[in-house]
Amino acid sequence: MNIEQQIIQLRTELREHNYNYYVLDNPTISDYEFDIKLKELQALEAAHPEFYDANSPTLRVGGEVTKNFETVAHTYRMYSLDNSYSKEDLEDWEKRIKKLVDGDVTYTCELKYDGASMSLTYEDGKLLRAVTRGDGFQGDDVTTNVKTIKSVPLQLKGDYPSLFEIRGEIVLPFAGFEKMNAERIDIGEEPYRNPRNTASGSLKLQDSTEVAKRPLECLLYSIKGERLPIKTQFENLEKARQWGFKVPKEAKLAKSIDEVLKFINYWDVERHNLPYETDGVVVKVNDLQQQEELGYTAKAPRWAMAYKFKAEQVSTVLNEITYQVGRTGAITPVANLEPVELAGTIVKRASLHNADQIAKLDIREGDTVFVEKGGEIIPKIIAVDFTKRKEDSSPTQYIENCPECSTELIRKEGEAQHYCPNVEGCPPQIIGRIQHFISRKAMDIEGLGGETVALLVNNQLIYNYADLYELTVAQLIPLERMAEKSAENLVAGVGASKEIPFERVLFALGIRYVGETVAKKLAKHYKTIDALADASEEELITVDEIGGRIAESVVAFFSEEKNREIIDRLKNYGVQLEISAEKLANQTDTLQGSTFVVSGVFSKVSRTELKKLIEDNGGKVSGSISGKTSYVVAGENMGPSKKTKAEGFGVPIITEDDFLQMIS
Ligand code: AMP
Ligand code: ZN
């Protein structure tokens, strides 16, 4: 087999595995085996850029940055749906339909997924374009971001038409949403409010690598095109599934409004077991010929109707408001409820967000409150039942002192959250910081878990994460449930963490707002902890994607004598506090301040390598040409539209050799 055939075979195999995993939920190989194959393909593609394919499975990991999303007109307008709320509404709708069309009418019932609408265009089986709904007439081209969503096929299979559009909804399943929020809370960011807004926000992120990390899914429900060989909506769904799209299997045919109602009643309850948010059912006239006869009103199709589920609500008594202290000192008020069943689970707690929220709703202990389950796993209190308020109740006094260490709380201007400023002495903050330090994405210390950290702190063996490096086996053995073997593992695990690269150490330090991505950016820019520690706020905000809030937090961290001391200790223990010499050797500032757009196929280096060379030498890579572009590096087959655009902006077009000359 020659190289090209090898590459094609790997692409086909990986596509099939992606499909099994993300569309069918039924993987046939392990993640590890998948990674090996993906790496193999990446290496082959890097060595043979002549076989570049814009739809290769290797592009799922993102990398392109979009500064401005282009506006694109929809070929077929993206309409809204009319809403109905009752059996009568649906029966009225059927009467209107029967006046306009002859013959029997049957319906397709589908779930109404709550996310961001999306229109995908495929040409010759390849994804050509992905556009948001926008105002229905035109939307934003978010193709680079959508390509990172693994359930969106980049190459179709079967008897697909040569050109068509398919519509669906980009959703963020609950599990992934909760995980993203846990990470945000961990770095002191406010959690996202619901999966729907987070899904649509994700599509407009500039860095597609970030989008690739989000566990988004695309659920499809409708096909548009000229002279398609399809007669009904139900067939639409089946066909889309055959071509490789993720089409939820819940859809059903109904012969009457009674059958439609059965579907609705079933899913009104059962939807709580789905992995993603739904807010209703969409009923569509099944026959496409009839759909055409019915046509559209000014805003919605006459042949479809949304039925909105009522958000499930219960009322229960709020027994007590308690307060939790996070590792960054942020205080979260929690409502402890009289246990009650809601949407199939027993609810005991609800989030209250912050002091403003409590004041706004005038929530008091002893009140009977209405609790609703929206897009979040933790339900929320939406209102107080004032008719049941006790006469002796008095307004909630938000705590003024930390529930754990009694220090007076502070609240910065413009922020919703209260904080406990006793960074050094507040137990949950001390424990939380060390737990963050050892966590998997940070120092990943084997043999040490969150509970053991609490045990070590409570036994006064450690006060901060630097202390971990002085722990001895002899100190650990007397602890409860600590066998000699586990003590040895713990000490060895701490020792091994000295190999963790600088960017992860920087994340592990737990500077507020410095998450994984920010830590990477800062490590790359400053290269050593000393350089970072000396940076002023003004300098920091000149770094790409570092805003005022992060800059302020970084400066505040390093201005603490205590933190400097801990960092000096970490340095002495041999923890990596600068980018390793090997990594540094390949980096320069030669291209500082220049932005490059890469286009076409190259002969000496692959596109990926080229981009890496730009970044390693201090330049920036952008996905689209604008007035801010410094150079376009053009390989063979550079797109004609890019060429015109570059000329229009007067951006110099250079060759691969010119570029390599620049950095040599
Ligand atoms: P609305 O925004 O309330 O007017 O509802 C219309 C939107 O519902 C469409 O733009 C789609 O994004 C969304 N939707 C979700 N699931 C479906 C479905 N199965 N069929 C049609 N539209 C759906
Ligand atoms: Zn405290």
Side-chain angles (χ1 to χ4, degrees), residues 74 76-85 107-120 130-137 139 165-171 195-197 199-200 203 217-224 233-234 236-237 240-241 245-252 260 263-264 267 271 274 276-286 291 296-301 303-309 323-332 399-410 417-433 457:
H74 292 298
Y76 306 92
R77 178 172 159 194
M78 290 180 84
Y79 283 90
S80 278
L81 291 171
D82 284 332
N83 287 325
S84 61
Y85 302 89
Y107 304 95
T108 315
C109 305
E110 296 162 44
L111 290 167
K112 188 166 188 290
Y113 321 111
D114 202 12
S117 340
M118 179 55 52
S119 150
L120 308 173
V131 184
T132 62
R133 172 160 130 182
D135 62 2
F137 296 98
E165 199 178 312
I166 183 159
R167 291 180 180 169
E169 200 84 356
I170 308 266
V171 299
R196 188 206 322 116
N197 293 352
S200 56
L203 296 176
E217 282 196 20
C218 185
L219 311 175
L220 285 311
Y221 51 71
S222 146
I223 302 171
K224 300 263 165 218
Q233 166 62 11
F234 202 74
N236 241 321
L237 301 176
R241 202 176 287 129
F245 292 100
K246 184 153 189 157
V247 180
K249 293 188 204 69
E250 288 79 21
K252 259 210 154 77
V260 168
F263 183 89
I264 290 173
W267 284 106
R271 70 191 169 111
L274 291 169
Y276 41 78
E277 174 86 341
T278 51
D279 62 346
V281 164
V282 185
V283 191
K284 298 173 187 170
V285 169
N286 192 38
Q291 283 194 7
Y296 297 81
T297 66
K299 99 175 223 298
W303 46 263
M305 183 59 85
Y307 180 96
K308 288 283 178 106
F309 292 133
Y323 300 85
Q324 286 176 346
V325 188
R327 103 174 143 79
T328 55
I331 307 290
T332 316
I399 49 165
E400 286 173 1
N401 296 84
C402 175
E404 302 279 345
C405 73
S406 306
T407 306
E408 196 176 326
L409 300 180
I410 53 164
Q417 229 73 17
H418 282 73
Y419 281 86
C420 165
N422 183 14
V423 178
E424 299 307 325
C426 185
Q429 295 191 54
I430 297 173
I431 294 170
R433 270 197 306 272
V457 173

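Nothing here was measured: the structure is a model prediction, and the numbers come from that model. In listed order, ligands and their atoms are each counted from 1.
For atom 1 (P) of ligand 1, the closest non-hydrogen atom on the protein side is K112 NZ, 4.0 Å. When only non-hydrogen protein atoms are considered, atom 11 (C) of ligand 1 lies nearest to Y221 OH, 2.9 Å. Protein heavy atom at the shortest distance from atom 12 (O) of ligand 1 is E169 OE1, 2.4 Å.
One finds an angle of 110° at the Zn ion (ligand 2) between SG on C426 and SG on C402, to the nearest 10 degrees. For C420 atom SG and C405 atom SG, the angle they make at the Zn ion (ligand 2) is roughly 100°, to 10 degrees.
For ligand 1, the polar-atom distance check finds no N/O of N83 at less than 3.5 Å from any of the ligand's N/O atoms. Checking only distances, L81 does come within under 3.5 Å of ligand 1, N or O to N or O.
Annotation for A251 and F234: closest pair O-CE1, 3.9 Å, computed over non-hydrogen atoms. Of all non-hydrogen atoms in M78 and S117, the two that sit nearest each other are CE-CB, 4.0 Å.
Distances below 4.0 Å separate heavy atoms of L111 from the following atoms of ligand 1: 16 (N), 18 (C), 19 (N). For ligand 1, the atoms closer than 4.0 angstrom to any heavy atom of S80 are 4 (O). Contact atoms of ligand 1 toward E110: 18 (C), 19 (N), 20 (N) (distance under 4.0 Å to a heavy atom of the residue). Near R133, meaning under 4.0 Å from any of its heavy atoms, are these atoms of ligand 1: 2 (O), 6 (C), 7 (C), 9 (C), 10 (O).
Under the 4.0 angstrom criterion for non-hydrogen atoms, K284 is in contact with ligand 1.
Using a 4.0 Å cut-off between charged side-chain N and carboxylate O, D82 and K299 make a salt bridge.
Ring geometry for W267 against F263 counts as tilted: the plane angle lies between 30° and 60°, on a 0 to 90° scale. Classification of the Y79-Y296 ring pair by plane angle, with boundaries at 30° and 60°, yields parallel.
Side-chain atoms of Q233 and E110 include a donor-acceptor pair closer than 3.5 Å.
Within the 4.0 Å heavy-atom criterion, both parts of Y113, backbone and side chain, lie near ligand 1. Residue V282 touches ligand 1 through its side chain alone, judged by heavy-atom distances below 4.0 Å.
Evaluated for a side chain to side chain donor-acceptor pair (under 3.5 Å) with S119, the options K224, E165, R133 yield exactly one hit, E165. Just one of V260, V285, N286 meets the side-chain contact (heavy atoms from CB on, under 4.5 Å) condition when paired with T108; it is N286.
With sequence neighbours left out, H418 forms a ring-ring contact (aromatic ring centres under 6.0 Å, His included) with Y398.
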